[in-house]
2 protein chains.
Amino acid sequence: MTQSRPRNIPEATVARLAVYLRVLAGLADDGRSHVSSGELASAAGVNPAGLRKDLSHLGPCGVRGVGYSVAGLRARLSEALGGERSRPCVLVGLGRLGSALADYTGFASRGFTFVGLLDSDPATVGTRVGGCTVRPVEELEAVVRATAATIGVITTPAEVAQSVCDRLVAAGVRSILNFAPVALSVPAGVDVRKVDLSVELQVLAFLDQQRAQVPAPAAALRTAGSLG
Amino acid sequence: MTQSRPRNIPEATVARLAVYLRVLAGLADDGRSHVSSGELASAAGVNPAGLRKDLSHLGPCGVRGVGYSVAGLRARLSEALGGERSRPCVLVGLGRLGSALADYTGFASRGFTFVGLLDSDPATVGTRVGGCTVRPVEELEAVVRATAATIGVITTPAEVAQSVCDRLVAAGVRSILNFAPVALSVPAGVDVRKVDLSVELQVLAFLDQQRAQVPAPAAALRTAGSLG
DNA sequence: TCTTGTGAAACGCTTCACAGCC
DNA sequence: GGCTGTGAAGCGTTTCACAAGA
């Protein structure tokens, strides 16, 4: 229990802190000892001033005229985001997407471990995905309680997502990442983040189409090149 | 004749329009002919007034005192988002996540068809995923030009994402959905949307931890920090 | 000089309240 | 009476400009 003060850090900032942390890991692997806000911002794809403002929520992190210590900043960010402690997660719905997530090394390397994988398909139950055996969805409550998981990931079809969500919440899960294309309703005190992959594509397509209809603003657009 | 004006619709609004469109499809399947902003907003997980403001970007869509025609609003939204016309997409990197996306029916039902799947692994090349045969990544330029695809999806490891991106752009792709955990740099006129799954989980975990540190529920969020 | 840290302005999005129309 | 459409207020985030400090 260090003096980590939970000053309300804006959610948008938290998301970027996670990105900075990953970039710093890469810099550390390259043997770098210091980095400036400009370089770090460039690698993270953000504005340098914005990066400094983000870091200012953690108090002074750098040295003026010099930059940031890679190791020092990394430790600071890691602690602010919850430390290296392992976080037990359960995932429900091992279709294509669920299996991909359960086997995604990007999670494990950040302290997230899937301690429970649940599916309703008898053909999937019993198989091993990402080092964990899939169990029948009937055992959901037992698994959540046994593992004390507070984070749940839903990758089921939309039709059953709400009932799965209800069961997760009843069993003690307070944070849910929802990939099913429905709006989940949860009681106060439970947080849901939604990731909607087809919406992402649709937004991209909209912008793409919008750009195609309007002629190039300056000479920014290259000739498309496809003639017949 | 088609007086649909592509007035700059906020990006956040575009994302929600796609959600409304999906909800409307469900209502149509249920045989509903009309719906109010309240009901539609509830199903989409948003504020009713916000929904009406979103729709206001398309001009008047409903009937005061009555609500919205399900079929009429659906047609309007569909057209605003780019219509039903099929959009050719290419996807590079058929690991677990890439395969899941290529086989995701949620895309196909919205007019997105993967006309090119590319991978560098000889063991993956030649297999069929979601009705399309995987081809060697060397053929990237040829596939993009042959299909006139303007949308690309990158699900490769981070190390090769930038080079894949460069090749997509050079071949004519102007809109990219990036799942690799790196910031891609692209010339002006090209749009990149990034989806970072491990960041989503990390933000969720941060909020989860933050809530765990403050024992009291709900109302206690405001009272932290002030000294009398 | 160089770079961080930060108030303040600027921006975009959300929420509210109510006018307008059925 | 009921519901939509919308100006205006409110809020959070981003950007700017510069003071502070190694």
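The analysis underlying the following values was restricted to heavy atoms, covering all of them including side chains, and did not include hydrogens, waters or symmetry mates. So you know, we letter chains A, B, ... as the sequences are listed, proteins then strands, and number each from 1.
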Report summary line: Reading nucleotides 16-22 of chain C from 5' to 3' and marking B where a protein heavy atom lies under 4.0 Å of the base, S where only the sugar-phosphate is that close, and - otherwise, the string is BB-BBBS
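The distance from atom OH of Y68(A) to atom P of dC2(C) is 18 Å, rounded to the nearest whole Å. One interatomic measurement links the two molecules: NE2 of H57(A) to P of dG7(C), which rounds to 11 Å at whole-angstrom precision. Across the protein-nucleic acid pair, D54(B) atom CG and dT14(C) atom P stand 7 Å apart, rounded to whole Å. Atom P of nucleotide dT3(C) and atom CG of L51(A) are separated by 14 Å, given to the nearest angstrom. When rounded to the nearest whole Å, the span between CG of L58(A) and C1' of dT6(C) equals 15 Å. We find that CG of L55(A) is positioned 16 Å from P of dT13(D), with the value rounded to whole Å. What separates CG of L73(B) from C1' of dG5(D) is a distance of 14 Å, to the nearest Å. The interatomic distance linking H34(B) (NE2) with dT4(D) (P) rounds to 12 Å, in whole Å.
By the 4.0 Å N-to-carboxylate-O rule, R174(B) lies close enough to D208(A) to be salt-bridged with it. R193(B) and E11(B) are joined by a salt bridge, as a carboxylate oxygen and a charged side-chain nitrogen come within less than 4.0 angstrom of each other. Salt-bridge check for D30(A) with R32(A): failed, with every basic side-chain N at 4.0 Å or more from each acidic carboxylate O.
Of the candidates dT13(D), dC13(C), dT4(D), the closest approach to any side-chain atom of P10(A) belongs to dT13(D). With dT3(C), dC13(C), dC3(D) as the choices, the nucleotide that has an atom nearest any side-chain atom of S36(B) turns out to be dC3(D).
Here the rule is side chain to side chain contact (heavy atoms under 4.5 Å, CB included) with V92(B), and of V160(B), L118(B), V153(B) only L118(B) fits it.
For Y104(A), the ring-ring contact (aromatic ring centres under 6.0 Å, His included) partners two or more places apart in sequence, or in a different chain, are F107(A).
Close to dT4(D), at under 4.0 Å from its OP1 or OP2, lies a side-chain N or O of S37(B).
Using a 4.5 Å heavy-atom threshold, the side chains of L51(A) and R16(A) count as separate. Side-chain contact check for I176(A) versus D191(A): every heavy-atom pair is 4.5 Å or farther apart. Looking only at side-chain heavy atoms (C-beta outward), V169(A) and P187(A) come within less than 4.5 Å of each other. When side chains are defined from C-beta on, L168(A) counts as touching V90(A), because their heavy atoms get closer than 4.5 Å.
The stretch residues 14-24 of chain A does not touch DNA chain C, since none of its heavy atoms comes less than 4.0 Å from the strand.
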